[in-house]
Amino acid sequence: MTTMTHDGYLATVELDEDAGLFHGEVINTRDVLTFQGRTLAELKTAFADTIADYLDWCRERGKTPDKPFSGTFSVRVAPDIHRRAAAAAAREGKSLNGFVAEVLERASS
């Protein structure tokens, strides 16, 4: 499985060898958005068209589209990890949020 992005929307892509199609599904929205194509070019076009159609659909209904990522999420960790992370952040003169964001940035690069 691989991923692709368009305008901040993230999709997973799988190959259906029997059908000769690539299937994509947007994974960072609560709404179900899928697309498909026989070639990479078709897949990219279908992904872009799906996002455009979704935004148009939302606009027509007065619905706010799900944002791909808000920048806010909760993480549950053991109290000991929470304590150690807060102490590490303090030693570096950072807030816990700033410390965690920096660690995530390094880990995801």
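Worth saying up front: this structure is predicted, and the values here are computed from it rather than measured.
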With rounding to the nearest 0.5 Å, note down the distance linking [atom1] in [X] to [atom2] in [Y].
X   : Y   : atom1 : atom2 : result
D56 : D49 : CG    : CG    : 10.5 Å
L33 : F47 : CG    : CZ    : 8.5 Å
T2  : F22 : OG1   : CZ    : 10.0 Å
E14 : H23 : CD    : NE2   : 8.5 Å
T34 : Q36 : OG1   : CD    : 7.5 Å
R59 : L55 : CZ    : CG    : 6.0 Å

Ignoring hydrogens and geometry, is there a side-chain-to-backbone donor-acceptor pair from T39 to E42 under 3.5 Å?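 Checking the backbone N and O of E42 against the side chain of T39, a donor-acceptor pair under 3.5 Å is found.
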Tell me whether Y54 contacts the main-chain N or O of D66 through its side chain, where contact means a donor paired with an acceptor under 3.5 Å.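 It does hold such a pair.
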Please determine, by modelled atom types, if Y9 and N28 share a side-chain donor-acceptor pair under 3.5 angstrom.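 Side chains of Y9 and N28: no pair found under 3.5 Å.
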Below 4.0 angstrom, N of the basic side chain to O of the carboxylate: do K63 and D31 qualify?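 A salt bridge is present here (some side-chain N lies under 4.0 Å from a carboxylate O).
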Cluster overlap [X] with [Y], hydrophobic side-chain contacts below 4.5 Å:
X   : Y   : value
L96 : I81 : yes
V26 : V32 : no
F35 : L10 : no
I27 : I51 : no

[X] to [Y] - nearest heavy-atom pair and separation:
X   : Y   : value
M4  : V13 : SD-CG2, 3.4 Å
L21 : R38 : CD2-CG, 3.5 Å
A89 : F99 : CB-CB, 3.5 Å

